[in-house]
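Working notes, beginning with the structure itself.
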Amino acid sequence: MYAESVSEEALRQDFETLTVSKRLVRSVSQKLRKKNHRGEGGEEDKVRGVSLKCLTLYGRGGGCKVGADTGEELGDPSYRRRSSASEEGKVYKSICGIEDNNFDCFSYGVREKFWKKNNRKDLDLEESVRNSRMHIFLPDDILEMCLVRLPLTSVMNARLVCKKWRHLTTTPRFLQMRREGSCQKPWLFIFGAVKDGYCSGEIHALDVSQDQWHRISADILRGRFMFSVASMQDDIYIVGGCSSLTNFGRVDRSSFKTHKGVLVFSPLTKSWRKASSMKFARSMPILGISEVCSDFSVIQSHQNRHDRQFPRSRVGGVSDVYEDPHRLSLRRQCRNAFDENEPSLLPNRRSYKFIRQRSEQANMKGCKRFVLIAVGGLGSWDEPLNSGEIYDSLSNKWTEIQKLPIDFGVVCAGVVCNGMFYVCSENDKLAGYDIERGFWIGIQTSAFPPHVHEYYPKLVSCNGHLFLLSVSWCEGDGQIGRRNKAVRKLWELDLMYLTWTEVSVHPDAPMDWNPVFVADRNLIFGVEMFKIFGQVLDFFTVCDVSDVEMNWSHISRNHMAHELDASSCMTKTMAVLHL
């Protein structure tokens, strides 16, 4: 009987040992699975205070008990005594410091090193994931609304954060939201800078609100000078120009090539593209740009009037349209009478079928349609041109328009105002091109504002008002004398009664022979550059026409032209955008 009981007791211990072994294997396998899926079970292990690198056996009390739990589970009778004495005499902390009644598996100082070594990557990973979730789970529409309210310089910096932000800030939807928003500020873009005798191609951009200058590299413009620029929406169009054939990059007109290509620069995306080239090469053309309705037809309104061009062979001869400015005046109430008296000059639009052509520019979708007019300038042989052509943004094509009469003179300035492209000549003559109807109109105004003939007048348009800037003597009879003082005055043309009125006086002395004045919305911006005492100085001014007094003020005290050559005074040009 005693032998049988001993054998049964041995079998029972073997069975318990086998059960414990299975339990050990199950515990180890579970920990290996948790190690492979640390992202799912890492937080639970940290709460319980168990490291995955430590293959522990879980007892009833929890915690890390490598030696203690094993002895208890295997039925070691001496374990209970040791455990009871230990629990009565001392209190030990586990590895993670959660269980106070467990044994410490490591000596003093080792557990901290073990914890830092095995959990540094986990902590860094969790922190990065926590930070990335703020961007990943932020809805695109909310992120887009935040980015669209940033200043332009901040938007440029935001594009460097990640590809997603760069994509969001360059989509047509984002550009349209920014165009229609109230966060736009005026920016001035200066082209045609010459440094060390070379056309560097750099664009100097001025943030008017922050009074900060930025340089934009434009290698595509390197070596190109005497071109004209015009702005529409968020783009700047660079038209014509010339470049030296013998000394590439230098401002050398002894041997040069005149261009007829057109480039488009988008400051918001810092991208360049090519538009359709003009039919004739031009340098320093006079540009006018205007929005048109969607059913505007360039083909019908211009090509059908080639038979009524002003004859070039008749010196001083003009057509009946040009000799009768009153019958074709700008007064809106006379247009109906003109339509009845001259039915042959204006063909019925209903008899023509307008065919919309597919745009060759992918980014034109969703943008307003506009036309760009180029008149005058210098040709390939440096001869003055009296021809003109118009560019349609929808068809991306240029079309010839009616020529100016020979006795009109050389066109020196032009601007679009209320659907009319106004140009003035060196002979103090004013004419307007009706964009919708497609012909020139001679405009006979009151006495043309007096000006010094060396300073050509400049035309600008603001909020439907036509202005002219001219330099004149404020005292004397026009001769240079001791008491004479040259001033630049701002004149406004009454489009109803065709009379000029002086409205403002520019505060600076007219030191620049080729100043640039550009208007945008209700502001007129001006830049003057001249060389004095061996250094090129620049002055930027602005006039708010909505103000009753129309006073001028300086907007930039940081001279950006001190390192430029004096030839920049003649090659400079400027465009204004609200970005």
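Atoms considered below: every heavy atom in the structure, side chains included; atoms not considered: hydrogens, waters and symmetry mates.
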Side-chain contact test, heavy atoms from C-beta onward, threshold under 4.5 Å: evaluate it for [X] versus [Y] and give yes or no.
X    : Y    : result
F189 : P267 : yes
L263 : F227 : no
P405 : W440 : no
M278 : V262 : yes
M560 : F540 : yes
L268 : L579 : yes
D538 : K572 : no
R159 : T170 : yes

Evaluate the criterion side chain to side chain donor-acceptor pair (under 3.5 Å) for residue pair R179 and Q176; output intermediate values, then yes/no.
CA-CA 5 Å; R179 190 181 302 117; Q176 183 68 20; 2.3 Å; yes
Which is it for L168 and F174 under the side-chain contact (heavy atoms from CB on, under 4.5 Å) test, yes or no, and what are the steps along the way?
CA-CA 7 Å; L168 284 177; F174 179 85; 5.7 Å; no
[X] atom [atom1]: more than 12 heavy-atom contacts under 6.0 Å:
X    : atom1 : result
H554 : NE2   : yes
M284 : CE    : no
E383 : CD    : yes

On the 0 to 90° scale, with breaks at 30° and 60°, tag the F191-F265 ring pair as parallel, tilted or perpendicular.
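Answer is perpendicular, since the angle exceeds 60°.
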For the pair Y391 and W398, name the ring-plane relationship: parallel under 30°, tilted 30 to 60°, perpendicular over 60°.
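Ring orientation of Y391 relative to W398: tilted.
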Distance-only donor-acceptor check, side chains [X] and [Y], under 3.5 Å:
X    : Y    : value
R250 : S244 : no
D252 : S254 : yes
S387 : R282 : yes

Starting from the C-alpha separation in whole Å, work towards a yes-or-no answer on side-chain contact (heavy atoms from CB on, under 4.5 Å) for V416 and F370.
CA-CA 12 Å; V416 175; F370 65 92; over 6 Å; no
Side-chain donor-acceptor distances from residues 516-532 under 3.5 Å, at least two apart:
{"residue": "D520", "atom": "OD2", "partner": "H578", "partner atom": "ND1", "Å": "2.4"}
{"residue": "R521", "atom": "NH2", "partner": "Q184", "partner atom": "OE1", "Å": "3.0"}
{"residue": "N522", "atom": "ND2", "partner": "D544", "partner atom": "OD1", "Å": "2.8"}
{"residue": "N522", "atom": "ND2", "partner": "S546", "partner atom": "OG", "Å": "3.1"}
{"residue": "E528", "atom": "OE1", "partner": "R488", "partner atom": "NH1", "Å": "3.1"}

List the steps, then state whether side-chain contact (heavy atoms from CB on, under 4.5 Å) holds for F421 with I401.
CA-CA 12 Å; F421 180 42; I401 64 175; over 6 Å; no
Quick one: does any side-chain atom of S461 pair with a main-chain N or O of V415 as donor and acceptor, under 3.5 Å?
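Here the side-chain-to-backbone pair does not exist.
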Ignoring hydrogens and geometry, is there a side-chain-to-backbone donor-acceptor pair from S380 to T258 under 3.5 Å?
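Not at all, since once roles are kept as given, no pair shorter than 3.5 Å links the two residues.
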Dump the intermediate steps for side-chain contact (heavy atoms from CB on, under 4.5 Å) on S393 and L372, then the final yes or no.
CA-CA 8 Å; S393 62; L372 174 63; over 6 Å; no
Which pairs would a plain distance check flag for residues 462-469, meaning a side-chain donor or acceptor within less than 3.5 Å of a matching protein atom at least two apart in sequence or in another chain?
{"residue": "H465", "atom": "ND1", "partner": "E492", "partner atom": "OE2", "Å": "2.8"}

Show, in sequence, the C-alpha distance, side-chain angles and deciding distance for D234 and R178, and conclude whether the salt bridge (Lys or Arg N to Asp or Glu O under 4.0 Å) test is met.
CA-CA 10 Å; D234 298 332; R178 189 169 182 86; over 6 Å; no
Taking all heavy atoms of [X] and all of [Y], pick out the closest pair and write down the distance.
X    : Y    : answer
A486 : V471 : CB-CG1, 4.2 Å
E454 : W513 : CB-CZ3, 2.9 Å
L564 : V536 : O-CG2, 3.4 Å
V229 : A575 : CG2-CB, 4.1 Å

What verdict does the salt bridge (Lys or Arg N to Asp or Glu O under 4.0 Å) test give for R173 and E144, after you've listed the backbone C-alpha separation in whole Å, the side-chain angles of each residue and the deciding distance to 0.1 Å?
CA-CA 10 Å; R173 168 187 167 86; E144 194 176 42; 2.8 Å; yes
What's the verdict on salt bridge (Lys or Arg N to Asp or Glu O under 4.0 Å) for K489 and E502, showing C-alpha distance, side-chain angles and the deciding distance?
CA-CA 7 Å; K489 298 181 179 180; E502 180 183 340; 3.7 Å; yes
